[in-house]
Amino acid sequence: MFHQVEKRIADAFAARLKAQFGVDGPVQTEQPKQSSFGELALPAAFQLARSLKKAPKVIAGEVLEAVGKIDGVAAIEIAGNGYLNVRFDRGAFGAAVLAGVQPETTSDAAKIIVEHTNINPNKAAHIGHLRNAILGDTFVRMLRATGSRVEAQNYIDNTGVQVADVVVGFEHLEKKTAAEVRALIADQNVRFDYLCWDLYARTSQYYAEHPEALEWRKDTLHKIEHGEGETAALAHVVADAIVRAHLTTMYRLNIEYDVLPRESEILHLKFWATAFELLKERKAIFFETEGKNKGCWVMPSSAFRTKGDDTPAEDNVDDSKVIVRSNGTVTYVGKDIAYQLWKFGLLGKDFFYHLWHTYPDGHKVWASTTEPQEGAPKFGGGVRVYNVIDSRQSYLQDVVVAGLRALDYQAQADASIHFSYEMVALSPRTCIEMGITLSDEDKKRPYVEVSGRKGLGVKADDLIDTLIAKAYEEVSSRNAEQSEKSRRKAATQIAVGALRYFMLKYTRNSVIAFDFGEALAFTGETGVYVQYATIRTKKILKKFLESGHALPDFAAVLTPEAMARQLENEDCWQSLLDASKMETAIERAVAGGEPSHVARYAFQLAQSFSSFYDKFHVAGEPDPEKQAFLLWLTGYYSEQLERTLGVLGIEVPEYM
RNA sequence: GCGCCCGUAGCUCAGCUGGAUAGAGCAACUGGCUUCGAACCAGUUGGCCGGGAGUUCGAAUCUCUCCGGGCGCACCA
């Protein structure tokens with residue numbers, strides 16, 4: 001609600017400033033530092049000071065004169081050196097919130113693609129992957145909350161080196177056949193993704209000790225890419241099983257996908273061949289005939305390095321990016337360019353799809369396949385693409401975008417957004433707790449990098465399990481009368497809330513040094529705190545109804561006059577304002593591409609309510625009008641808290 | 001060597017496109033459960049915003065520079 005009023009006032013100012021001073025453009029609004037300054041602050045006078053060559057305070061006076069009366073505004077004051085502070089008409093604002101004017105939602109909006117998770121299907125997911133998936137899923141929810149049509153893609157590199165390494169482990173180290181591995185997958189007592197986690201680390205270790213074994217990898221990779229025999233079949237079996245495990249893990253955190261484009265189909269449907277022709281035709285890449293990249297198709301570094309064009313000739317370092325190796329195989333970046341073209345509908349080719357899985361809530365996720373299937377929907381063809389990938393891969397993302405530019409798809413290059421974030425590392429304390437021995441060098445570092453190859457990291461499911469166990473203990477100590485099943489459900493919702501909030505509270509480019517103590521915290525700035533506040537809103541209303549009362553007819557009791565009366569109370573007014581700023585918060589977070597802003601708002605709103613809860617005793621309020629108002633405000637808090645948590649992918653338990 | 005990111009309270013972090021007295025959480029200390037659940041609330045202590053220079057009415061925010069830390073810069077992904 002707040003943002004609609006804010007916009008209306010800004011527009012009114014803009015129109016009148018144009019008439020008076022001939023200045024164009026939108027009027028900037030701010031939140032005043034102190035609530036006593038009013039609801040909106042306009043620094044317009046400062047901006048006009050330069051062109052008008054007058055003191056800001058004088059201009060502010062003239063603006064005030066010119067603006068006159070604006071609907072919904074009770075007063076405008078000049079403050080400081082020239083701020084214009086706007087005070088809302090409280091009664092009108094309250095009445096508008098009560099009427100619940102919803103902004104129109106655009107359902108025919110163009111499609112936005114968000115690609116996230118993208119875990120190599122060769123081992124269990126770890127905390128680093130969780131940050132990616134939670135960030136991506138929350139951004140999807142944010143976009144949808146603002147009316148966008150969004151497609152969530154999870155790219156599966158099922159033919160890459162990492163899968164090959166686990167296949168090598170099974171074939172050469174474990175001497176297992178595809179049938180035996182299938183049996184392992186079917187065995188309920190085996191955590192297949194955990195088994196692969198260890199096997200992958202063991203294979204990497206084996207390569208380090210026996211470099212000649214790298215031949216196995218090369219051979220395996222070749223067989224997988226060409227879909228040959230037992231080895232290729234084994235790779236498919238492993239990758240599919242791990243993808244299922246990942247989707248199960250992510251579903252525990254309320255994360256769902258729409259489509260799983262797989263690398264195997266990119267190969268078999270010859271996406272790359274098509275993209276290759278395009279790149280050659282438009283001279284985006286060239287065949288290198290000398291130097292270290294002799295025999296490769298490369299993209300010149302000038303295409304993706306915007307700065308540093310003053311490289312002296314004497315250096316002579318060839319930092320062109322190889323797209324096609326001298327043996328004729330394509331690199332990851334090449335495939336990614338083809339995939340990115342497909343996402344924009346520019347490739348002139350499409351995948352076919354088969355139903356991969358139906359979630360318990362009925363949502364369906366499709367995977368790419370080579371043959372047409374009855375009833376399969378269409379995917380891809382977005383107007384904007386967000387790739388949620390950690391910042392270490394920004395170099396490769398730059399190359400992909402450069403590929404689009406080289407093909408003269410400028411608009412699409414501009415609409416390709418690397419939604420980057422910093423890595424999740426381990427705090428030294430957590431390493432010690434996990435029994436990881438650190439080198440002296442590592443001990444001095446502020447954090448230690450997670451490594452799948454070394455098997456160094458916290459597995460996602462282990463962390464979730466630990467959180468649930470802790471939450472279950474807390475829930476049980478407070479709600480012994482509840483059934484075990486019900487307590488487990490609440491504990492799970494609390495654990496997921498804690499984890500998602502933990503991953504979201506940091507801004508994207510802040511490195512998270514993962515610490516068990518902080519991740520397991522249930523007090524302070526946590527998802528648990530927000531859930532607790534939300535439960536209290538519901539509890540007030542529930543208890544009120546249980547005591548034999550019926551909720552008043554708010555529209556009848558809270559007339560604009562009554563609303564104005566109640567909102568004279570400063571605490572009530574601030575509460576209403578806080579709760580009305582949800583849309584503003586989400587919109588700003590979307591504009592800034594920063595999910596942490598939503599998390600922060602959720603916390604602030606919960607803080608606001610907790611304070612309100614302490615100040616006002618709704619059930620014991622003797623004045624009927626006041627009580628009606630407090631009940632209404634509690635309900636509003638409740639809705640806004642629950643909706644904000646929904647955007648964060650966090651549920652509200654029945655009790656906790 | 002080149003590129004990107006970070007440096008704000010004892011610790012972990014916010015601070016939106018420059019704006020009014022730089023904010024939270026944790027930790028420490030004080031107070032508050034006979035009242036809609038104390039996973040809570042109210043309060044106290046704690047900061048040359050890494051150093052320096054510049055831009056201007058105004059800089060934690062923009063520019064330059066130096067210092068410290070992290071990550072990239074493969075015919076791996």
Side-chain angles (χ1 to χ4, degrees), chain A residues 28 30-34 37 41 43 46 49-50 55-56 79-83 85 118 120 157 160-162 217 292-298 301 305-308 311 315 317 319 321-327 329-333 335-336 390-396 398 420 422-423 425 427 445-447 449 471 474-475 478-479 494 505-507 509-513 515 517-518 521-526 528-529 531-533 535-537 539-544 546-547 585 588-589 591-592 594 596-597 600 603-604 607 610-611 613-621 630 634 655-656:
Chain A
Q28 189 179 331
E30 294 170 11
Q31 307 284 311
K33 273 272 184 253
Q34 285 177 38
F37 291 159
F46 294 109
R50 197 160 312 167
N81 285 325
Y83 269 105
N85 288 341
N118 298 12
N120 271 299
D157 182 4
V161 180
Q162 295 213 16
R217 172 196 275 177
K292 63 168 182 161
N293 294 332
K294 187 178 173 183
C296 299
W297 284 90
V298 304
S301 63
R305 294 217 190 281
T306 46
K307 289 174 193 169
T311 41
D315 275 0
V317 221
D319 51 359
K321 178 66 196 168
V322 171
I323 305 296
V324 179
R325 303 182 185 102
S326 53
N327 67 1
T329 57
V330 59
T331 59
Y332 166 78
V333 184
K335 283 179 275 195
D336 213 13
D390 80 80
S391 62
R392 285 172 292 191
Q393 300 197 45
S394 58
Y395 161 66
L396 295 169
D398 289 347
S420 74
E422 281 289 343
M423 64 174 168
S427 73
R445 291 168 179 274
Y447 42 74
E449 201 172 341
E474 297 279 343
V475 166
R478 292 170 170 81
N479 304 279
I494 291 163
K505 70 193 266 193
Y506 299 92
T507 49
N509 49 14
S510 160
V511 176
I512 299 181
D515 186 273
E518 284 169 24
F522 285 170
T523 61
E525 197 199 332
T526 61
V528 178
Y529 176 90
Q531 287 174 318
Y532 185 70
I535 285 179
R536 297 217 286 198
T537 62
K539 203 64 167 276
I540 290 174
L541 300 172
K542 191 170 161 233
K543 287 265 173 167
F544 183 78
E546 278 172 3
S547 66
R588 265 216 291 257
E594 192 52 89
S596 70
H597 289 342
R600 197 153 290 275
F603 177 66
Q604 283 165 356
Q607 266 187 323
S610 294
S611 181
Y613 182 88
D614 196 62
K615 259 176 214 139
F616 299 98
H617 194 262
V618 180
E621 175 55 48
L630 293 176
T634 301
Y655 59 89
M656 60 193 280

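Every value quoted in this text rests on a predicted model; they were computed, and no experiment measured them.
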B/rU63 -> Watson-Crick or G-U wobble partner, both distances under 3.5 Å, gives B/rA53
Discussion item. Taking the P atom in each of B/rG25 and B/rC49, what is the distance between them to the nearest angstrom?
Written reply: 22 Å
B/rU45 and B/rG10, which share atom name P, separated by this distance in whole Å: 15 Å
Taking the same atom, C1', in B/rU17 and in B/rU12, what whole-Å distance lies between them? 27 Å
How far, in whole Å, is B/rC62 from B/rC73 if one measures between their P atoms? 27 Å
Protein-nucleotides 40-45 of chain B N/O pairs closer than 3.5 Å?
| unit_1 | atom_1 | unit_2 | atom_2 | d |
| --- | --- | --- | --- | --- |
| B/rC40 | OP1 | A/Gly524 | N | 3.4 |
| B/rC40 | O2' | A/Arg536 | NH2 | 2.8 |
| B/rC41 | OP1 | A/Tyr529 | OH | 2.3 |
| B/rC41 | O2' | A/Asp614 | OD2 | 2.8 |
| B/rA42 | OP1 | A/Ser611 | OG | 3.4 |

- Query: Taking OP1 and OP2 of B/rC36, is either one under 4.0 Å from a side-chain nitrogen or oxygen of A/Lys543?
  - Reply: no
Nearest heavy-atom approach of A/Asn327 to A/Thr329 is OD1-OG1, 2.7 Å
From CD of A/Glu525 across to C1' of B/rA24 the rounded distance in Å is 6 Å
Quick note, A/Arg600 side chain, CB onward, closest among B/rC5, B/rA14, B/rC73 is B/rA14
Query - A/Lys539 and A/Tyr613, any side-chain heavy atoms less than 4.5 Å apart - result: no
Original post:
Would you say the side chain of A/Arg588 lies within less than 4.5 Å of the side chain of A/His597, judging by non-hydrogen atoms?
Top reply: no
note: A/Gln28, atom CD; B/rU17, atom P; distance rounded to Å ~ 10 Å
Atom CZ of A/Phe603 and atom C1' of B/rU12 are separated, to the nearest Å, by 13 Å
Just by distance, do the side chain of A/Ser611 and the backbone of A/Gln607 share a donor-acceptor pair under 3.5 Å? no
Here the gap from A/Ile535 atom CD1 to A/Lys542 atom NZ, rounded to the nearest 0.5 Å, amounts to 10.5 Å
Which part of the nucleic acid does A/Val322 contact within heavy-atom distance under 4.0 Å: base, sugar-phosphate only, or nothing?
sugar-phosphate
Q. With a non-hydrogen cut-off below 4.0 angstrom, is A/Ala41 in contact with a base, only sugar-phosphate, or nothing?
A. base
#### Entry: Interatomic distance at P, B/rA20 relative to B/rG15, whole Å
16 Å
Among the nucleotides B/rC16, B/rG69, B/rC5, whichever has the atom closest to the side chain of A/Pro446 is B/rG69
Centroid under 5.5 Å and tilt under 30°, A/Phe46 to B/rG58: no
Does A/Phe544 reach a base, just sugar-phosphate, or nothing at all? Heavy atoms under 4.0 Å.
nothing
Correct closest heavy-atom pair for A/Tyr529 and A/Ser610 would be OH-OG, 3.3 Å
Worksheet item: Contact class for A/Glu449 (heavy atom, under 4.0 Å): base, sugar-phosphate, or nothing?
Response: sugar-phosphate
From CD of A/Glu546 across to P of B/rC36 the rounded distance in Å is 13 Å
Margin query: Tell me whether A/Thr331 contacts the main-chain N or O of A/Ile323 through its side chain, where contact means a donor paired with an acceptor under 3.5 Å.
Written below: yes
Comparing A/Gly620 with A/Thr331, nearest RNA chain B nucleotide closer to 5' gives the residue A/Gly620
Partner of B/rG23 under the Watson-Crick or G-U wobble criteria, both distances under 3.5 Å, comes out as B/rC13
query = Which part of the nucleic acid, if any, lies within contact of A/Arg445, taking any heavy atom under 4.0 Å across all strands shown: a base, the sugar-phosphate backbone alone, or nothing?
reply = sugar-phosphate
A/His617 NE2 to B/rC33 P, in whole Å, measures 15 Å
Item to check | Whole-Å P distance, B/rU8 and B/rU61 | outcome: 14 Å
When both distances are under 3.5 Å in a Watson-Crick or G-U wobble arrangement, the nucleotide paired with B/rG58 is none
Is any side-chain N or O of A/Asn85 under 3.5 Å from a base N or O of B/rA20, one able to act as donor and the other as acceptor?
yes
Rounded to whole Å, the CG-P distance (A/Asn509 to B/rC13) equals 12 Å
- Task: Run the salt-bridge test on A/Lys505 and A/Glu518 with the 4.0 Å N-O cut-off and return the result as yes or no.
- Result: no
By nearest-nucleotide position on RNA chain B, the 5'-leaning member of A/Ser326 and A/Tyr506 is A/Tyr506
Using Watson-Crick geometry (N1-N3 plus N6-O4 or O6-N4) or G-U wobble (N1-O2, O6-N3), each under 3.5 Å, B/rG46 is paired with none
(message) Please classify the nucleic acid contact of A/Met423 as base, sugar-phosphate, or nothing, using heavy-atom distances under 4.0 Å.
(response) sugar-phosphate
Taken to the nearest whole Å, OH/A/Tyr447 to P/B/rC11 is 16 Å
Heavy-atom closest pair (A/Met656 atom, A/Val528 atom, distance to 0.1 Å) is CE-CG1, 3.4 Å
Note: A/Ser420 and A/Ser391 closest approach over all heavy atoms is CB-CA, 4.1 Å
With heavy atoms under 4.0 Å as the rule, sort A/Val475 into base, sugar-phosphate or nothing. base
Margin query: Mind checking if A/Ile535 touches a base, just sugar-phosphate, or nothing, with heavy atoms under 4.0 Å?
Written below: nothing
For B/rG50 and B/rC67, measure between their C1' atoms and round to the nearest Å.
-> 8 Å
Note: A/Gln531 and A/Ile494 closest approach over all heavy atoms is OE1-CA, 3.6 Å
Paired to B/rC2 by Watson-Crick or G-U wobble criteria (both distances under 3.5 Å) is B/rG72
In whole angstrom, give me the gap between the P atoms of B/rA24 and B/rC71. 34 Å
Practice prompt. Give one of base, sugar-phosphate or nothing for A/Glu518, where a contact means two heavy atoms less than 4.0 Å apart.
Written response: sugar-phosphate
Taking any heavy-atom pair under 4.0 Å as a contact, classify A/Lys335: base, sugar-phosphate, or nothing. nothing
For a quick check, tell me whether the side chain of A/Arg392 and the base of B/rC71 share a donor-acceptor pair closer than 3.5 Å. no
Students often get this wrong, so: under 4.0 angstrom with heavy atoms, is A/Ser510 touching a base, only sugar-phosphate, or nothing? sugar-phosphate
From the candidates B/rU21, B/rA39, B/rC36, the one with an atom nearest any side-chain atom of A/Val528 is B/rA39
- Is any N or O donor-acceptor pair between the side chain of A/Arg478 and the base of B/rA39 shorter than 3.5 Å? yes
Whole-Å distance, A/Ile512 CD1 to B/rU12 P, equals 14 Å
query: Phosphate oxygens OP1/OP2 of B/rA77: is one of them under 4.0 Å from a side-chain N or O of A/Asn120?
result: no
